[in-house]
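The structure appears below as structure tokens.
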Amino acid sequence: MSHQPGQDPLLIACALAIEHLALRSGDHTGADGPLTLLRTGMGPRAAERSVTRMLAAPHLDGAAVLATGFCAGLAPGMHPGDLVVAEEALDPRGTTRCVGTELLVKELTRAFPRRTVHTGPLTGSDHVVRGQERSELRATGAIAVDMESAATLYGAVRAGERPVAAVRVVVDAPEHELVRIGTLRGGISAFRVLRAVLPVFFEWHRSLLLPRR
């Protein structure tokens with residue numbers, strides 16, 4: 001499949017209404033090609049079902065897919081508002097490799113100089129992870145966990161060959177467990193980061209459209 005600037009679509013998927021609100025209210029200028037923001041609903045089954053159905057639409061043939069939203073950090077020292085770039089997304093069915101992670105880390109570091117950008121495996125779960133389970137997942141090598149990214153990317157590559165990635169904003173971490181997203185400083189901080197991240201996603205997409213040398 002040849003890549004021509006301005007032609008290839010980008011699908012950005014999130015799960016929650018508050019995540020969708022952050023993305024909708026962000027800066028949409030600078031997109032190369034059609035942009036679709038998809039709210040999948042919460043949980044891996046809803047995410048995979050929603051993205052698979054959406055990618056069946058002719059106007060999204062060959063679309064790049066980026067999963068985003070909030071996540072739970074697993075590594076000590078993580079803070080709300082930190083960013084996670086997945087090198088791979090893990091779930092019980094296997095591993096989905098992500099594309100363009102180095103560029104994402106570079107652009108996020110430049111766009112958010114006061115935030116730490118973490119990179120490594122992002123694992124999936126079918127429930128909110130708390131306490132001891134967080135340590136158990138960390139022992140597998142994962143640096144963060146959420147309920148939708150792995151299922152979203154798995155469904156995306158099953159629907160056809162395409163570039164995929166996952167970027168998440170830490171909303172709670174081992175030393176900063178969150179109770180309710182809308183009321184604590186960590187949730188507000190993560191919302192603001194997610195609202196400002198779209199230009200980086202567009203730069204990632206633009207890099208995919210450059211002619212291969």
Under the 3.5 angstrom rule, does the side chain of [X] hit a backbone N or O of [Y] as a donor-acceptor pair?
| X | Y | result |
| --- | --- | --- |
| R162 | G160 | yes |
| W204 | V99 | yes |
| D82 | H79 | yes |
| S149 | A166 | no |

Could you state whether [X] and [Y] fall into the same hydrophobic cluster, counting links through intermediate Ile, Leu, Val, Met, Phe, Trp or Tyr residues with side-chain heavy atoms under 4.5 angstrom apart?
| X | Y | value |
| --- | --- | --- |
| Y154 | L90 | no |
| F191 | V167 | yes |
| F70 | L23 | yes |

Contacts of E19 that satisfy salt bridge (Lys or Arg N to Asp or Glu O under 4.0 Å) - sequence neighbours left out
R168
Looking only at heavy atoms, what is the nearest atom pair of [X] and [Y], with distance?
| X | Y | result |
| --- | --- | --- |
| D146 | C71 | CB-CB, 4.1 Å |
| H205 | A64 | CD2-CB, 4.0 Å |
| S25 | R195 | OG-CD, 3.3 Å |
| V193 | G81 | CG2-O, 3.8 Å |
| V171 | A190 | CG2-CB, 4.0 Å |
| L37 | H28 | CD1-CE1, 3.6 Å |

Distance (rounded to the nearest 0.5 Å) between [X] [atom1] and [Y] [atom2]:
| X | Y | atom1 | atom2 | value |
| --- | --- | --- | --- | --- |
| R39 | R24 | CZ | CZ | 9.5 Å |
| L83 | M78 | CG | CE | 10.0 Å |
| L198 | I12 | CG | CD1 | 5.0 Å |
| T101 | E87 | OG1 | CD | 5.5 Å |
| H118 | L74 | NE2 | CG | 11.0 Å |
| L35 | F202 | CG | CZ | 5.0 Å |

For atom CZ of R158, decide whether the heavy atoms of other residues, nucleotides or ligands shown that lie under 6.0 angstrom number more than 12.
no
Could you walk me through whether E107 and S207 pass the side-chain contact (heavy atoms from CB on, under 4.5 Å) test, one step at a time?
CA-CA 11 Å; E107 293 298 326; S207 77; over 6 Å; no
Salt bridge (Lys or Arg N to Asp or Glu O under 4.0 Å), that's the test. Do R93 and E48 meet it? Break it down for me.
CA-CA 13 Å; R93 295 170 297 185; E48 184 177 348; 2.6 Å; yes
Applying side chain to side chain donor-acceptor pair (under 3.5 Å) to R45 and S50, what does each step give before you reach the verdict?
CA-CA 8 Å; R45 290 185 180 179; S50 183; over 6 Å; no
If you group Ile, Leu, Val, Met, Phe, Trp and Tyr whenever their side-chain heavy atoms sit less than 4.5 Å apart, what else falls in with V51?
L11, L38, M54, L55, L60, V65, L153, V157, V164
Could you tell me if R138 and T123 have a donor-acceptor pair between their side chains, going purely by distance under 3.5 Å?
no
Would V197 and L108 count as a side-chain contact (heavy atoms from CB on, under 4.5 Å) here? Give the steps.
CA-CA 8 Å; V197 82; L108 288 168; 3.5 Å; yes
One pair to check against side-chain contact (heavy atoms from CB on, under 4.5 Å): L104 and V200. What are the steps and the verdict?
CA-CA 7 Å; L104 283 167; V200 173; 4.0 Å; yes
Does the side chain of D8 reach to within under 4.5 Å of the side chain of L208, using non-hydrogen atoms?
no
V117 vs K106, test: side-chain contact (heavy atoms from CB on, under 4.5 Å). Steps then yes/no.
CA-CA 9 Å; V117 180; K106 175 185 174 183; over 6 Å; no
